[in-house]
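These notes are about the structure you will find just below.
As a basis for the values below, the full set of heavy atoms in this structure was taken, side chains included, without hydrogen atoms, waters or symmetry mates. Residues: numbered from 1 along the sequence shown. Every number for a ligand or one of its atoms is a count from 1 in the order of the listing.
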Amino acid sequence: MIINGERRISKTDQWIDVTDPSTGQVIARVPESTPEEMEEAFQSSYEAFQSWKNVSVFKRARIMAEYQRLLVRDTDKLAESISREQGKTFNDAKGSIFRGQEVIEHAIAMPTLLQGEALQQVGNEIDIKSYREPLGVTAGITPFNFPIMCGLWMFPISITAGNSMVIKPSEQDPTSMVDAIELALEAGIPPGVVNCIHGTHRAVNTICDHPLVQSISFVGGDNAGKHIFARGTANGKRVQSNMGAKNHGIILPDCDFDSTVGALVGSGFGAAGQRCMALTTWVFVGDSYERMVDHIVEKARSLKVSDWKDPEADVGPVISRTSLDRIHRLIASAERQGAKIDLDGRNPTVRAGLEGGNWIAPTVVSGVTPDMDIYKEEVFGPVVICMKADSLDDAIQIINRNPYGNGTAIFTRSGNAARKFEYEVDAGNVGINVPIPVPLPAFPFSGSRGSFRGDTHFYGKEGVKFFTKSKVITSSWPSRAVEAVDHMKMPTFSK
Ligand code: NAD
């Protein structure tokens, strides 16, 4: 935990095992922070906010610039910390830190992003202006799949806007977030401005109920996301809840063949499919499936399944035995329900010493229809499902009928088809020949429908809005030279 600038060992008697996904061995234990420790974290963040909000926004941005420098300096160390507990390949872990740094670059622009508006002479010698002010103590709850990046979606924007934040990382891989917060302290963020507590339901519910917490940023699965949104908003807090996904890619027969095969395989199996924007549902239009499937299978089969210590690893393990069991269950259900396994990655061979890990190699399932479990549930593993559509209209219909709206992509060389898709598809993040269209942080991460609850997204201008409230000042300073100032007017009478 980090409370008031100090890395501490909890006094709890409830500990959760953290296992190495590559071996299945227990490598750490994470505490359920006690109620007293959590209270101390909220109080310390509240105290820190009182002075931090008065620090010039330029100075706050400068500290972020220093933080950015330290993250670059320590990328390898942090990536190792991610890979050890999350299982990601080393390059993927480094890439995820870089994606988080881009949010910091956005936060460094806070002096401009925070600017309000002003209008002179809205009445007789009356001026009006608006500011955006910080909320106070904010909170963040993060998932296992991007242990540092999702935290970096949250606290850099929140604190550079003048708030403080209490973060609760995933209990499955908590250490790297603590390391990243420790580095923020080294950059000059005062004690208490970012605190870190640990745990599961009790910690989450304490965040949802605590009167000092003004907002909650959540990234994770549907159950937790819906619960946190309902409980947090019922308590009067702002909540942004990024949840699950089923991201479809439409492949038109006119697409650029080689680049599309590469893009599909990379986006479907990279990060072992444990990306909320992984493109895992491929809708082939016309004869594109028949022309591509062998090439896709060949490329997917060539990916090396290994642990993060192997520099040639392409696909790491999935996070837990529970995840692996779910993935196996869904593949088996697809077989039972009439789908075909084009590439079966179950029970792959891995190098000696890794037999106890949660391994599954790239798997391609074809002939999938919307009524199958593997289509209805989020698989969250290196498993891609293939569907067919007769036309672009039919493919768009499939996507728009799916309850999720996180991301989607089309592969085509036709500008007309791309424009039609862009206009008609009902998803928040859309790629045109871009397989994982996660927006760069000057734009908001715009998951919609079943993938999001709330009304203001992460980062971009929306992120700044989420972490601030507006104050509008109307002022009247009549000049003495003006004659006959009328001191008594009914406000609604003047125009
Ligand atoms: P998760 O929902 O299991 O856990 C996320 C956080 O919520 C953790 O900190 C966990 O401790 C807490 N939590 C879990 N269950 C809870 C419950 N019932 N009540 C209260 N708190 C609970 O998610 P995960 O397995 O860590 O992450 C994978 C999921 O996250 C996938 O569904 C993925 O699509 C989603 N995700 C979404 C985005 C996005 O931006 N939309 C990004 C990354 C991951």
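Remark: D371 CG is packed, more than 12 non-hydrogen atoms of other residues, nucleotides or ligands lying under 6.0 Å away. For D76, the CG atom is densely surrounded, since the number of other residues' heavy atoms within 6.0 Å is greater than 12.
Residues Q86 and S170 have side chains not in contact (no heavy-atom distance under 4.5 Å, counting atoms from C-beta outward).
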Please tabulate, one line per pair, the protein N or O atoms found under 3.5 Å from any N or O atom of ligand 1, giving the distance to one decimal.
{"unit_1": "ligand 1", "atom_1": "2 (O)", "unit_2": "G221", "atom_2": "N", "d": "2.8"}
{"unit_1": "ligand 1", "atom_1": "9 (O)", "unit_2": "T142", "atom_2": "O", "d": "2.8"}
{"unit_1": "ligand 1", "atom_1": "9 (O)", "unit_2": "K168", "atom_2": "NZ", "d": "2.9"}
{"unit_1": "ligand 1", "atom_1": "11 (O)", "unit_2": "K168", "atom_2": "NZ", "d": "3.0"}
{"unit_1": "ligand 1", "atom_1": "11 (O)", "unit_2": "E171", "atom_2": "OE1", "d": "2.6"}
{"unit_1": "ligand 1", "atom_1": "18 (N)", "unit_2": "H201", "atom_2": "NE2", "d": "3.3"}
{"unit_1": "ligand 1", "atom_1": "23 (O)", "unit_2": "G221", "atom_2": "N", "d": "3.3"}
{"unit_1": "ligand 1", "atom_1": "26 (O)", "unit_2": "F144", "atom_2": "N", "d": "2.9"}
{"unit_1": "ligand 1", "atom_1": "30 (O)", "unit_2": "G220", "atom_2": "O", "d": "3.2"}
{"unit_1": "ligand 1", "atom_1": "30 (O)", "unit_2": "G221", "atom_2": "N", "d": "3.4"}
{"unit_1": "ligand 1", "atom_1": "32 (O)", "unit_2": "E378", "atom_2": "OE1", "d": "2.7"}
{"unit_1": "ligand 1", "atom_1": "32 (O)", "unit_2": "E378", "atom_2": "OE2", "d": "3.4"}
{"unit_1": "ligand 1", "atom_1": "34 (O)", "unit_2": "E378", "atom_2": "OE2", "d": "2.5"}
{"unit_1": "ligand 1", "atom_1": "40 (O)", "unit_2": "N242", "atom_2": "ND2", "d": "3.0"}
{"unit_1": "ligand 1", "atom_1": "41 (N)", "unit_2": "M243", "atom_2": "O", "d": "2.7"}

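Under the side chain to side chain donor-acceptor pair (under 3.5 Å) criterion, T19 pairs with no residue, sequence neighbours left out.
Using the six-membered ring where Trp is involved, F90 and W308 have ring planes that are tilted, between 30° and 60° apart.
The minimum heavy-atom distance linking S451 with G244 is given by the pair OG-O, 2.8 Å.
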